[in-house]
Each structure stands twice: as structure tokens, then as C-alpha cells.
2 protein chains.
Amino acid sequence: MSRKNETKEAIIEAALYLFQIKGYHATSVRDISNRAGVNSATISYYFKNKNGLLEYCFTSFLEEYLQLIENHLETIQSCDPAACLKSLVKEILLFQRKNYLAAKFVYSEISFDSSLNREILSTYWTKEKFYLQALMETGIQKGVFRSMSLPIFILQLKGLMSAPLLHAQYSMEVLYQFPQEEYFTMKYLEELYEFIDRNIIDAPKEFPLVLAGEEVVL
Amino acid sequence: MSRKNETKEAIIEAALYLFQIKGYHATSVRDISNRAGVNSATISYYFKNKNGLLEYCFTSFLEEYLQLIENHLETIQSCDPAACLKSLVKEILLFQRKNYLAAKFVYSEISFDSSLNREILSTYWTKEKFYLQALMETGIQKGVFRSMSLPIFILQLKGLMSAPLLHAQYSMEVLYQFPQEEYFTMKYLEELYEFIDRNIIDAPKEFPLVLAGEEVVL
């Protein structure tokens, strides 16, 4: 990494840490420059002001996130939809873990009704929804997924994937589950696979259950 | 409602609305008193300051929320665990819809690592977890629920129940699902029942599926 990028990264890391601990509004540019060990002028140079820094955190996270989904779904027509969905979920969880502070910040900020959000919603999240929906529709067409309300499914999937971030404090202090740990991520991923197998794959509802002792009519 | 309570409610409603739109830090006591149509002194009288008001919002919401769970689980030993879990989920979703702004605010604030949170986590959420765990353990003991990682299940359930609040903007502007509407709540609830049936109830794994044309061995 070049010197320039190192400085930029240090500023972003310091900002995310402070936004997390003190909140965005209570964090000053001076706090960030102190923690990052740079001059305030350097922050102005790279990001203009605190709002510019905030926007940069959002957009760089979301661009990388979307790129990941795009790359993954390029093969959508040729792959098994269930395997494709599972490996996408895995990549998203790993990406969130790798960018833990940024992910936590982006997810917690998007619950607010701000103009920045509206802008982001209309671009990044609309694209994300488009990809998820295309994947789900392919699965339904191929007869692998059951038919279901896709908006509600997408909302549920996002709720499940973001729970370790949005309920991070709860998770650590009440449940003793540590979302930053690899062990947790793997265990959580397993349960998401289970969720996909049980909820989305069509089989369990397609065939009636046969109980021991009952007459079987096929 | 008495005059006193009406004033208090008006202040809380104004505060929650402004916290939502402007954020907690950017909202002043004067903003709240203007919107509520009361004197700033009235706010001081009831809540001391903005922080007191914040604490009141949190604790009154969480006390009512916990009371709901407690009342519901009194019958835990005598009821069918699956039906009990479903009706609890229903009551929580209805409660969240009725107290939409407060719920949204409480959920989005608890993702931060603050001292208020740590206090709340150690009392309210620990109790909530205790009840949910008791319900799940009863279900597993009775052989109705499959055995699973309870902390992860609880995290998933909370992720699913809070998704319409924490992803409210996304839900409305990208998915065109409106979490404040009764129609949405009912549709979402149906999908949560489906989640419970498919994920937690033991049956689907207990009995092998029988496919048409296969020899059946019972």
C-alpha cells in the first residue's frame, strides 16, 4: 500500500472507531486527526470535511460490497441456485467480518431517514435488490426454490445477515457470541445454510410426510 | 389519559420524531419543546434533561416489552411450545408496530457501545434472553423443537423480528414494503410462522421423505 493510501486508511479507521464509540455527531475532525496521528488539514485534503469522510466510508464499503455480489452472480444462469445463494451468503458474511467496523456503521446509519440514505438507497441498495431478486427468480423458475414473497424473503435474509452487526452488543454481552471471531462466523454461516435448506428449497412441502404405521398412498 | 400524561406523551412523541429525523445529538431540548408545544421548563420538570428523556424512552419501551413477554410465558409449562412461540412472536410484532417510532429508536440505538446500553443490556435484555431460552428449552425437552444452538437461534429470531424496523428505509424505498401498515405486519408474521414451522419444529428431519415411485420402507 502506498504512503498516501496508508494515511487515508488510518483516517478512515480512526473515524469509524470514533463514530462507533462516540457517535457521528459527537465526533469532531480534531478527534479523528488526533487518533489517526495526522494533521486536520490532511483530512480536509482527502475528504473535504466530516461529511465527506462519512460519504467516503459509505460509498467505498458499498461499492466493494456490490462488486462482490456482481462478480458472484455473473454465473447465475449456469449454477445451481441453492449452491449459488449459499456461497453468496458466505462471501457476504466474510466480507462483513473483514470490514467489521465499516459494516456495523453503514448498517446502523441506514436505519435513519436522511438524504444521504435516500441517495444510497436509490443506487446501491436498488442494485443489490436487483441481483438478489434475479437469483431468487432463477431458483423459482428452475423449480429448486419454493414460490414465496420475494420482498419479504429479501428483508428476512438481510435481517439475518445483518443481525450479528446490528445486535453486536447484545450478541456479545447477553449471548456471549462474538461476531468478530472466525468461529462465530462459521457457526452462524452453518445456521444460515440450514435456514436456506429448510426455508427456500422446495422439497419439504412438495412431498407429504409419511408417518410410521399409516397407510401409504402414493 | 390525564392532562399530565398527555403532556408527557406529547413530549416523548416529539422527541422520538426528532431523534428519528435529525438524530439524537443534533436535536435540542428547544426543538423538542417547540414541536411538542410546551415550555422547555416542562421538559426539565418531567425528564430533567435530554439524556433523562432518552433514558425514559428506552426504559418505558423496554419495561412494557418485557412485561408482554413475562405475561405471555407464564403459561409456558402448560402450552404447546410451537404455538406459544408463534403467539409470542405475533405479540412482539404487534407491539413493535403500535410503538413504531420508539421501537425503531431503541433498536437502532442499541447497536452502539454506550454506557446506557451496557446498563440496559445487563438488565432488560438479559431477562428477555432468559425467557426466550426457557421457552426454547421447554420445546426441545418436549421433543417438539429440534436441538440447535440457542444463542444463535435467539440472535436470528431477533434479527428477523427487528428487520422491518432496522431496515425500515430500505424496506420502504427499495422493496416497497411499509412496516407501519397492518397488511405488511400480517404478511411478515405469516413468513415468521413459516420460519418457525420449517426451522424449529422437529418433524421435517424426523421422518424420511418418501418420493413417488420409490419403494417405501417403514
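For the numbers below, each heavy atom of this structure counts, side chains included, while hydrogens, waters and symmetry mates do not. Letters go in sequence order (proteins before strands), and every chain restarts at 1.
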Fill in: Region of A:Ser122 in contact with chain B, defined by heavy-atom distances below 4.5 Å
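For A:Ser122, neither part sits under 4.5 Å from chain B.
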
Worksheet item: Quick one: CZ on B:Phe47 to CD1 on B:Ile12, what's the gap to the nearest 0.5 Å?
Response: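 Answer rounded to 0.5 Å: 4.0 Å.
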
Practice prompt. Can you measure from OG (A:Ser87) to NE2 (A:His72) and round to the nearest 0.5 angstrom?
Written response: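 The distance works out to 2.5 Å.
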
Discussion item. At a heavy-atom distance under 4.5 Å, which candidate from A:Lys129, A:Met148, A:Lys22 has the highest pair count against chain B?
Written reply: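 The answer is A:Lys129.
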
Worksheet item: Top residue by heavy-atom pair count (under 4.5 Å) with chain B, among A:Pro151, A:Ala163, A:Ala168?
Response: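 Top option by heavy-atom pairs under 4.5 Å: A:Pro151.
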
Discussion item. Report which part of B:Leu192 has an atom under 4.5 Å of a heavy atom belonging to chain A: side chain, backbone, both, or neither.
Written reply: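 Both parts, backbone and side chain.
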
Worksheet entry | Heavy-atom contact with chain A under 4.5 Å, split by part of B:Phe19 |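 Contact with chain A is through the backbone of B:Phe19 alone.
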
Discussion item. Between B:Asn34 and B:Asp31 (side chain of the first, backbone of the second, donor and acceptor by atom type, cut-off under 3.5 Å), is there such a pair?
Written reply: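 Judged by distance alone, no pair lies under 3.5 Å.
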
With a 3.5 Å cut-off and no angle check, do the side chains of [X] and [Y] form a donor-acceptor pair?
X	Y	result
A:Gln96	A:Tyr65	no
B:Glu137	B:Gln141	no
B:Glu128	A:Tyr170	yes
A:Glu63	A:Tyr124	yes

Worksheet item: Are there residues of residues 176-189 of chain B that reach to under 4.5 Å of chain A by heavy atoms, and which ones?
Response: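 Residues of residues 176-189 of chain B touching chain A at under 4.5 Å: B:Gln177, B:Phe184, B:Lys187, B:Tyr188.
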
Discussion item. Closer than 4.0 angstrom, basic N to acidic O: yes or no for B:Asp197 and B:Lys86?
Written reply: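 Between B:Lys86 and B:Asp197 there is a salt bridge, with a charged N closer than 4.0 Å to a carboxylate O.
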
